[in-house]
Participant: 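Take a look at the following structure, please.
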2 protein chains.
Amino acid sequence: MKGKDQNTEQVILGAAVEIFQSKGFAGARMQEIADKAGINKALLHYYFRNKQLLFESVFKSALGQLVPEVSKIFNTDLSISEKVTQFVAHYIPFVNQNRYLPVFIIQELNNNPEFSDQFFSNHKLPQTEKFKNQIQEAVEKGEIRKLDPDQFILDLFAVVVFPFVGRPLMKTLLQKDDEGFDDLIQSRIEHVTTMLLNSIKK
Amino acid sequence: MKGKDQNTEQVILGAAVEIFQSKGFAGARMQEIADKAGINKALLHYYFRNKQLLFESVFKSALGQLVPEVSKIFNTDLSISEKVTQFVAHYIPFVNQNRYLPVFIIQELNNNPEFSDQFFSNHKLPQTEKFKNQIQEAVEKGEIRKLDPDQFILDLFAVVVFPFVGRPLMKTLLQKDDEGFDDLIQSRIEHVTTMLLNSIKK
DNA sequence: GTCTATAGCCAGATAGAC
DNA sequence: GTCTATCTGGCTATAGAC
């Protein structure tokens with residue numbers, strides 16, 4: 001393992017991230033990745049053997065960026081409203097910096113069911129049990145309105161992730177230009193936190 | 001225009017919908033569409049000239065299924081809560097019957113920015129002005145809490161659409177099997193309506 | 001209108017020199 | 001470790017028979 005070695009591998013990976021995330025597995029071209037990395041196509045195969053394996057590296061690192069922090073937040077001893085606040089405040093800026101990430105993950109999981117099943121049997125997603133129980137207890141104690149914890153977690157991810165995934169559509173629907181939509185994203189942390197907490201009040 | 005003509009065209013279109021919607025433009029194969037339609041590859045070109053045009057037919061009809069009803073609901077004289085209720089009650093079952101639709105639309109819009117820009121300059125999306133003004137007025141009258149109408153519309157689409165788009169991910173995250181996740185969808189109409197209306201209360 | 005056969009291209013992958 | 005050149009297969013698209 002030489003220094004140069006590591007370096008080229010990282011350069012390739014960086015280029016592959018960009019291409020795969022913006023075009024998807026099927027739409028990506030090895031030639032385009034090589035061009036972006038400033039190296040030759042043959043080198044891609046030297047380092048990653050084939051397109052599928054290169055893709056899997058990218059996919060794994062994509063999901064790896066999202067998973068650990070969710071785990072951490074969900075499994076602390078914070079209150080529900082603090083967890084919601086932290087989750088929103090952390091993920092909206094993060095996804096905003098990595099806009100292609102959610103569409104990429106979602107589209108590959110949907111387009112390749114076999115890969116997706118196999119992937120999830122080999123990689124762990126965050127544990128949500130603790131957070132679910134916490135919500136259930138709050139319901140039973142009458143601290144929040146009666147609701148299904150699973151539904152609330154769906155809502156949480158929905159309002160955080162969807163604006164990025166549905167950006168082209170919603171941008172047009174709401175008649176925003178890029179700047180206008182970015183403004184919306186900026187104000188969204190506060191809006192979403194308030195809206196989620198309001199939605200579970202009694 | 002003979003009867004047979006129409007028929008074959010429809011059969012092809014039906015097959016193309018299935019393949020394009022589950023694999024995306026880049027991942028779809030003309031051969032696979034032909035097989036599913038039970039006809040020959042050459043016929044696809046006879047009817048639709050090339051892959052791009054066939055795709056555009058599918059895409060247009062996909063969006064066409066979603067747009068008109070949104071327009072109708074948003075532009076009636078119903079109250080905000082009635083519009084929310086109708087929107088949710090109509091779209092969740094519809095999307096549930098057409099599960100690939102949202103991911104398909106979203107992924108193609110994201111992967112092909114040029115196509116998407118061009119598409120939207122030629123096709124109209126629902127007008128949201130009336131609904132936005134209605135929300136704004138309700139805020140000013142103090143009937144609901146202070147919020148940005150754009151944010152609320154984002155929330156509305158988010159909580160309705162996201163569970164379908166993020167299904168593979170959320171299914172795993174919430175540790176549901178297919179049946180369990182379907183149950184969640186079933187109860188979602190009521191949950192989402194309550195949650196949205198609750199979220200805008202003062 | 002529908003088929004078979006094939007042209008022509010392009011992308012992923014490998015061989016082999018340096 | 002990196003390159004050029006090339007093989008091989010697969011895919012869109014067309015030609016042409018029926």
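Sequence lines set the chain letters: A, B, ... in the order given, protein chains first and strands last, and positions in each chain run from 1. Both backbone and side-chain heavy atoms feed into the values below; hydrogens, waters and symmetry mates do not.
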Participant: Can you name the residues that form a salt bridge (Lys or Arg N to Asp or Glu O under 4.0 Å) with B:D77, not counting sequence neighbours?
Facilitator: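 Residues passing salt bridge (Lys or Arg N to Asp or Glu O under 4.0 Å) with B:D77: B:K130.
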Participant: Give a yes/no on whether any side-chain N or O of B:T8 is located under 4.0 angstrom from OP1 or OP2 of C:dT2.
Facilitator: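 For B:T8, the contact criterion (side-chain N or O under 4.0 Å from OP1 or OP2 of C:dT2) is met.
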Participant: Take the protein atom CZ of B:F48 and the nucleotide atom P of C:dG1, then report the distance between them rounded to whole Å.
Facilitator: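 So the two atoms are 12 Å apart, to the nearest Å.
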Participant: Between side-chain atoms of residues 144-166 of chain A and protein atoms elsewhere (two or more places apart, or another chain), which donor-acceptor pairs fall under 3.5 Å?
Facilitator:
| from | atom 1 | to | atom 2 | distance (Å) |
| --- | --- | --- | --- | --- |
| A:R145 | NE | A:S199 | O | 2.7 |
| A:D148 | OD1 | A:D150 | N | 2.9 |
| A:D150 | OD1 | A:K132 | NZ | 2.9 |
| A:D150 | OD2 | B:K176 | NZ | 2.8 |
| A:Q151 | OE1 | B:R188 | NH1 | 2.7 |
| A:Q151 | NE2 | B:L184 | O | 2.9 |
| A:D155 | OD1 | B:R188 | NH1 | 3.2 |
| A:D155 | OD1 | B:R188 | NH2 | 2.6 |
| A:D155 | OD2 | B:H191 | NE2 | 2.5 |

Participant: Rounded to the Å, how far apart are B:E9 CD and C:dT2 P?
Facilitator: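 One finds 11 Å between P of C:dT2 and CD of B:E9, rounded.
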Participant: Report the residues that fulfil side chain to side chain donor-acceptor pair (under 3.5 Å) with A:E108, sequence neighbours left out, ordered by chain and then residue number.
Facilitator: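 Per chain and number, A:E108 pairs via side chain to side chain donor-acceptor pair (under 3.5 Å) with A:N112.
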Participant: Between protein and nucleotides 12-18 of chain D, map the contacts as a letter string: B base, S sugar-phosphate only, - none, heavy atoms under 4.0 Å, written 5' to 3'.
Facilitator: BBBB---
Participant: Whole Å only: how far is the CG atom of A:L44 from the P atom of D:dT4?
Facilitator: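 Those two atoms, CG and P, are 13 Å apart.
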Participant: Whole angstrom is fine here: how far is it from OH in B:Y46 over to P in C:dT4?
Facilitator: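 Atom-to-atom, B:Y46 to C:dT4, this comes out as 17 Å.
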Participant: Check residues 97-104 of chain B and write down every donor-acceptor pair under 3.5 Å in which the side-chain atom is one partner and the other belongs to a residue at least two apart or another chain.
Facilitator:
| from | atom 1 | to | atom 2 | distance (Å) |
| --- | --- | --- | --- | --- |
| B:N98 | ND2 | B:F94 | O | 2.9 |
| B:R99 | NE | B:N96 | O | 3.3 |
| B:R99 | NE | B:N96 | OD1 | 3.4 |
| B:R99 | NH2 | B:N96 | OD1 | 3.3 |
| B:R99 | NH2 | B:D182 | OD1 | 3.1 |

Participant: Could you state the atom-to-atom distance from CG of B:L43 to C1' of C:dG1 in whole Å?
Facilitator: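 After rounding, the reported distance stands at 7 Å.
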Participant: For B:D35, which residues count as a side chain to side chain contact (heavy atoms under 4.5 Å, CB included) partner, sequence neighbours excluded?
Facilitator: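 Per chain and number, B:D35 pairs via side chain to side chain contact (heavy atoms under 4.5 Å, CB included) with B:Q31.
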Participant: Rounded off to whole Å, could you give me the CD1-to-C1' distance for the B:I12 and C:dC3 pair?
Facilitator: 13 Å
Participant: Can a side chain N or O of A:Y47 be found less than 4.0 Å away from OP1 or OP2 on D:dG1?
Facilitator: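 Answer is yes, contact under 4.0 Å.
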Participant: Say you draw a straight line from OG of B:S116 to CG of A:L169; how long is it, rounded to the nearest 0.5 Å?
Facilitator: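 Answer rounded to 0.5 Å: 9.0 Å.
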